[in-house]
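Data block below; observations after.
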Amino acid sequence: MTIIYAGDLILRAVEKADAPRFAFLCNDESLARFTSRVPHPYTLEYARDFVEKAAQELEHEGEYRFAVCRDGEIIACTGVTPGEHGVFDLGYWVGADYREKGVASAAASAVITFLFERYGARRITAGHFVDNPASGHILEKLGFRPTGKTKQLMSKARGVEVETILFALEKVDFRKSLSIRFAP
Ligand SMILES: CC(C)(COP(=O)(O)OP(=O)(O)OC[C@H]1O[C@@H](n2cnc3c(N)ncnc32)[C@H](O)[C@@H]1OP(=O)(O)O)[C@@H](O)C(=O)NCCC(=O)NCCS
């Protein structure tokens, strides 16, 4: 799978050996509660399941889970899920010790560049829970616009549905924040 270089970050495929690190980073209520899929508490078993599925999903076109690494260590994760007609849905989280330093903005920018430039994406969608304005700020900085729609999305960690604000990004609106390289 393509490796993406974005400043001091390297985005690479999730590997089976990453399970303990994912278990450590994800067993964090402040992370899980703002995602739909991460349960809390989060065990090594969940992490093993996640990395297995991430490897299988690679075989399906357009389904990517990137480990976001700095100095050889995973600090964040971002993933895309393909929809119909060149539309991809974006998600991300950053480990608690690495927040408020531009990691999510840079990692999202890197994956969006990859999808538009390498994958022929037409539109990227994303959403955030109504009580997570930092994520909305990141999306708007990148050029996403609110679609005016919301949906109720299940949060595994909270055990309830949470109102989710939906956004979409067209290629012409993308505000790339840093230079990105790919290999191969
Ligand atoms: C939300 C999250 C991804 C942000 O990651 P991060 O690496 O800290 O994000 P960045 O540093 O790139 O950007 C954060 C931006 O939000 C802004 N911000 C922080 N708190 C905010 C708030 N309450 N309201 C509005 N903006 C806020 C910051 O000022 C910063 O903007 P700036 O770069 O213009 O100064 C991270 O906190 C996280 O992983 N949270 C738990 C999981 C999650 O929420 N995932 C996203 C699901 S949609």
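Ligands are counted one by one from 1 in listed order, and the atoms in each one are counted from 1 as well.
Side-chain N/O atoms of S30 and R99 include a donor and acceptor closer than 3.5 Å. Side-chain atoms of D89 and T81 include no donor-acceptor pair closer than 3.5 Å.
By the ring pair (Phe, Tyr, Trp, His ring centres under 6.0 Å) test, H128 pairs with F167, sequence neighbours left out.
Ring geometry for Y64 versus Y119: interplanar angle over 60°, hence perpendicular rather than tilted (30 to 60°).
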Return all side-chain donor-acceptor pairs below 3.5 angstrom for residues 31-39, not counting sequence neighbours, or 'none' if the list is empty.
residue : atom : partner : partner atom : Å
R33     : NH1  : E29     : OE2          : 3.4
T35     : OG1  : A32     : O            : 2.9
T35     : OG1  : V38     : N            : 3.2

Would you tabulate the side-chain donor-acceptor contacts of residues 133-141 under 3.5 Å, counting partners in other chains and residues two or more places apart, or write 'none'?
residue : atom : partner : partner atom : Å
S135    : OG   : Y92     : OH           : 2.7
K141    : NZ   : S105    : OG           : 3.0

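For ligand 1, the protein residues within 4.0 angstrom (heavy atoms only) are S30, L31, F34, Y92, W93, V94, R99, E100, K101, G102, V103, A104, S105, G127, H128, N132, P133, A134, S135, H137, I138, K141.
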